[in-house]
Amino acid sequence: MKLLLIHADYMEYEVKKRTRVAEDFDKKSERIEEVLVVFTSVEKGDDEGVVERAVEAIKEVAEKVNTSKVLIYPYAHLSSNLADAETAVKLLKEIESKLSDLEVHRAPFGWYKAFKISCKGHPLSELSREIGGEEEIEVTKALKDEEKVVSYWYILTPEKQLIEIDKFDFTGYEKLQKFANYEIAKRRAVDRIPPHVEFMRRLEIADYEEASDSGHLKYYPKGRLIKSLLETFVTEKCIEYGAMEVETPIMYDRAHPTLRRYLERFPARQYILKGDKREFFLRFAACFGQFLMSANSTITYRNLPLRMYELTRYSFRKEQRGELVGLRRLRAFTMPDMHTIVKDMEEAKQEFFNQYRLSVDVLREIGLEPDDYEVAIRVTRDFYEENKDFVHSLVDILKKPILVEMWDQRFFYFVLKFEFNFVDALDKASALSTVQIDVENAERYGITYVDSDGSKKYPLILHCSASGAIERVMYTLLEKAQFMIDKGKLPMLPVWLSPTQVRIIPVSERFLEHAKKIAEKLEAERIRVDVDDRDETLAKKIRDASTEWIPYIAVVGGREVERGKLTVTVRSESTLKEQKKVEISVEELIKRIHEECNGKPFKPLCLPKLLSLRPGFR
RNA sequence: GCCGCCGUGGCUUAGCUGGCAGAGCGGGUGACUUGUAAUCACCAGGUCGCGGGUUCAAAUCCCGCCGGCGGCUCCA
């Protein structure tokens with residue numbers, strides 16, 4: 001049911017013409033002064049409970065605006081999901097009768113009517129209310145609870161002590177302290193342009209696209225390559241873990257009964273699109289598609305745990321304007337999203353533990369070590385008390401202190417979640433990997449499994465993003481490069497993600513053919529190699545290769561041809577002051593790179609092999 | 001969304017007490033044929049974010065909008 005409440009100096013209406021469903025009405029017109037006009041749409045599914053709450057809402061407003069006169073005015077245009085006329089009249093009459101302690105008027109249903117209204121225009125004079133079924137009321141209540149909810153903060157030590165945050169000695173855990181400060185006080189000290197924004201543009205990885213909405217980036221060839229490698233890697237890891245890859249739509253019906261209830265908790269965060277008849281919202285995760293798929297599937301206890309995976313390109317979230325920054329927070333982003341259906345809490349805990357380890361492993365292979373991030377656990381007090389040993393056991397995986405946030409009541413869909421958070425050069429924290437135990441959505445979506453005794457049961461569902469958003473992983477790698485600079489090292493990406501892994505620089509034009517031959521050898525070994533054939537000085541070419549963060553720079557001239565070796569500048573072992581140069585054979589270089597990229601996906605060079613043929617993208 | 005700062009060739013920027021829009025990098029052409037972080041010369045390239053206003057005259061002053069950055073708020 002939808003209500004539009006107007007506090008008016010007067011309202012007058014005149015009946016013009018009957019429709020098929022018109023109620024009997026003996027007057028021609030009516031005028032009421034100092035009245036609260038309640039424009040009302042009765043919607044499909046509305047019942048006595050809804051009437052009850054609508055009456056409460058009307059009484060509440062009438063009291064606030066200090067009026068004793070109410071006009072119930074049937075108004076179909078507030079909803080696109082109207083109830084049938086018979087039900088509507090019945091419920092409107094019920095509202096009328098239940099407001100009997102006020103002076104109630106009711107305009108007749110089913111007539112074309114003309115009306116004049118004089119809205120008072122004070123702050124409370126125009127209000128709308130949406131009254132739904134029982135579940136929605138709970139949701140609204142949950143939202144209110146959320147505002148009131150109190151977080152209790154602790155540190156879980158490697159010795160499995162849960163210590164109140166003020167009593168924990170952060171000596172040696174400065175990053176954790178920064179993370180905790182960020183979470184609790186939400187305060188940062190430094191103001192500086194984030195390093196990764198400059199890097200992503202200067203290295204021709206990604207850039208803003210002003211012709212799109214804010215928070216939608218364009219990726220140049222190098223950025224697309226890096227992103228694609230990360231996407232492939234995480235996807236492979238999840239499939240290897242046991243997930244079935246699926247693909248689901250990126251937009252959904254706003255009015256779909258299941259989705260609507262979920263959505264109403266988080267209004268105005270979605271992109272809304274108008275279709276021919278229906279309105280759609282863009283997904284912010286793969287939950288919708290996968291849950292709807294699961295709800296339609298026949299699942300038995302033999303199929304559990306059942307894992308589904310999708311890489312969302314894209315997920316959409318209409319984040320607030322002021323929150324968007326570079327690759328860190330976007331409105332269109334790519335999420336590896338895996339859901340695991342499990343039969344009970346024991347199985348959920350087992351999966352949670354394993355997926356925690358999976359996340360550590362995925363980040364480590366990407367190039368992010370446990371030292372690079374901080375762990376947070378968020379848990380309801382009930383779950384913690386009942387599963388203390390289990391929660392404590394999580395600390396064994398990384399053996400470092402964990403920030404714990406505890407709530408007295410559950411107001412999200414999960415009872416337990418962990419996150420790995422990266423703290424950047426500006427002391428901002430952002431979540432990477434996360435796993436949650438969802439105790440609510442199986443029922444909401446009608447996902448069931450058949451147990452061994454033949455009965456249908458609601459499972460639990462785990463949400464897992466093993467790496468977090470791919471763009472955010474890129475942000476993290478670039479911010480980590482800034483930390484390298486701060487430590488006096490040269491910034492670089494992991495070799496398997498470097499767009500060019502080896503650059504061959506001929507000392508002069510005479511050695512260009514030789515350089516190309518070496519490049520072919522490396523290329524045949526699935527190494528991304530390019531050749532600087534430009535008419536520039538050697539020093540200039542070295543400089544350019546260095547500013548591109550190329551891990552291996554191989555110079556070829558007379559000496560190399562003679563000895564059959566390469567003189568290679570190894571970036572990871574060099575500093576700005578001193579370059580580490582090694583003389584190695586092509587085979588040795590191949591072996592070294594293969595070892596560094598072992599187990600990682602490979603994609604060929606994303607730009608012309610000869611530098612003279614490359615465009616500049618900015 | 002709110003508050004503050006910023007927006008000048010592809011990039012980085014000078015000019016901002018109103019008076020001809022300048023440079024470096026990058027690009028093109030030519031010379032040089034190079035041994036480890038910028039070789040030299042010449043040439044092309046600008047609706048000064050967009051729209052309005054003040055003025056004889058606006059990149060410069062005023063208003064609105066768009067975009068970016070920082071803070072606040074938010075983050076299923």
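These numbers come from the heavy atoms of this one structure, side chains and all, not from hydrogens, waters or symmetry mates. Owing to the predicted nature of the structure, the values given are computational and were not obtained by experimental measurement. Proteins get letters first, then strands, A, B, ... in listed order; numbering begins at 1 in each.
Remark: the A:Gln290 side chain and the A:Thr248 side chain contain no N/O donor-acceptor pair separated by less than 3.5 Å. Of the N and O atoms on the side chains of A:Tyr220 and A:Arg618, not one donor lies less than 3.5 Å from an acceptor on the other residue. Inspection of the A:Asn421 and A:Glu419 side chains reveals an N or O donor paired with an N or O acceptor under 3.5 Å.
Atom CD1 of A:Ile550 and atom P of B:A37 are 15 Å apart (whole Å). In this structure, A:Tyr552 atom OH and B:U36 atom C1' are separated by 18 Å, rounded to whole Å. Between the C1' atom of B:G71 and the CG atom of A:Leu324 lies a distance of 15 Å, rounded to the nearest Å. Distance A:Arg503 CZ to B:U36 C1': 14 Å, rounded to the nearest Å. The distance between atom CD of A:Glu536 and atom P of B:C25, rounded to the nearest whole Å, is 12 Å. As rounded to whole Å, 10 Å separates atom P of B:A76 from atom CZ of A:Phe284. Rounded to whole angstrom, the span from the CG atom of A:Leu490 across to the P atom of B:U36 amounts to 18 Å. Following rounding to the nearest Å, A:Leu611 (CG) and B:G26 (P) show an atom-to-atom distance of 14 Å.
Contact annotation: the side chain of A:Pro194 never approaches that of A:Asp424 to less than 4.5 Å [non-hydrogen atoms, C-beta and beyond].
Closest contact between the side chain of A:Leu576 and the listed nucleotides B:G35, B:A38, B:A37 involves B:A37. Proximity note for A:Val507 (side chain, C-beta onward) versus B:G35, B:G71, B:U33: the nearest is B:G35. With distances taken from any side-chain atom of A:Ile542 to the nucleotides B:G70, B:A37, B:A38, the minimum falls on B:A37.
For B:G45, there is no paired nucleotide, since no Watson-Crick or G-U wobble pair has both relevant distances below 3.5 Å. The pairing partner recorded for B:C50 is B:G64, the criterion being a Watson-Crick or G-U wobble arrangement whose two distances lie under 3.5 angstrom. When both distances must be under 3.5 Å, the Watson-Crick or G-U wobble mate of B:C72 is B:G1. Remark: B:A23 base-pairs with B:U12. Criterion, Watson-Crick or G-U wobble with two distances under 3.5 Å. B:U39 is paired with B:A31 under the criterion used here, namely a Watson-Crick or G-U wobble arrangement in which both key atom distances are under 3.5 Å.
Within the nucleic acid shown, A:Lys541 has no heavy atom closer than 4.0 Å to any nucleic acid atom.
Tested against A:Thr569, the residues A:Gln579, A:Arg503, A:Lys580 include a single side-chain contact (heavy atoms from CB on, under 4.5 Å) partner, A:Gln579.
With hydrogens and angles ignored, a donor-acceptor pair closer than 3.5 Å exists between the side chain of A:Glu560 and the base of B:G35.
One finds a side-chain N or O of A:Ser214 lying less than 4.0 angstrom from the OP1 or OP2 phosphate oxygen of B:G68. Between A:Arg321 and B:C2 there is no side-chain polar atom (N or O) within less than 4.0 angstrom of OP1 or OP2.
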